[in-house]
Amino acid sequence: MRVNFSADYWTQWWVNGREVYSTMQHGDNGPAPTTSGLSPKFLAHSFVAPVRRGRNLIVLRLVGGTGYGCRIVLEAAASQPGNEGCRPA
């Protein structure tokens with residue numbers, strides 16, 4: 001499953017107890033949000049979460065900066081290995 005996100009400001013991601021992505025060293029490292037409240041780096045980060053068939057536990061640790069939060073888009077494309085037969089819940 002592909003995870004696309006941007007966050008204000010530091011994040012750590014775990015899948016089934018294993019850390020799979022982190023921005024703790026450098027943060028989002030993007031420009032300040034626009035007047036609309038959306039970061040110019042909307043969905044600046046992307047990684048493939050190693051999910052397995054059935055239930056998975058995905059944990060996000062968000063350490064805030066200026067209060068603009070986090071935006072996340074999850075993609076479970078049938079074309080990705082292990083996602084055959086996936087459909088939205």
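This structure is a prediction, so every number in the text was calculated from the model and none was measured. The chain is numbered in sequence order, starting from 1.
- Atom CZ of residue F5 and atom CH2 of residue W13 lie 6.0 Å apart, to the nearest 0.5 angstrom.
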task: Mind running side chain to side chain contact (heavy atoms under 4.5 Å, CB included) on Q25 and W10 for me, showing each step along the way?
output: CA-CA 8 Å; Q25 186 173 11; W10 298 276; over 6 Å; no

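- Residues E75 and M1 fail the side-chain proximity criterion, which asks for heavy atoms closer than 4.5 Å.
- The two residues E19 and W14 have their closest heavy-atom pair at N-CD1, 3.1 Å.
- Every side chain to side chain contact (heavy atoms under 4.5 Å, CB included) that R18 has, sequence neighbours left out, goes to V20, P50.
- Residue V59 is not grouped with residue I72 when hydrophobic side chains (ILVMFWY) are merged at heavy-atom distances under 4.5 angstrom, including chains of intermediate members.
- With N16 contributing its side chain and L57 its backbone, the two residues share a donor-acceptor pair below 3.5 Å.
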query: So V51 and V15, side chain to side chain contact (heavy atoms under 4.5 Å, CB included) or not? Walk me through it.
result: CA-CA 7 Å; V51 296; V15 176; 4.3 Å; yes

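- The backbone N or O of T11 sits less than 3.5 Å from a side-chain atom of T23, completing a donor-acceptor pair.
- Scanning for side-chain hydrogen bond (donor to acceptor under 3.5 Å, both in side chains) contacts around S46 gives R2, N4, with sequence neighbours left out.
- Distance check, rounded to the nearest 0.5 Å: NE2 of H45 to CZ of R71 gives 13.0 Å.
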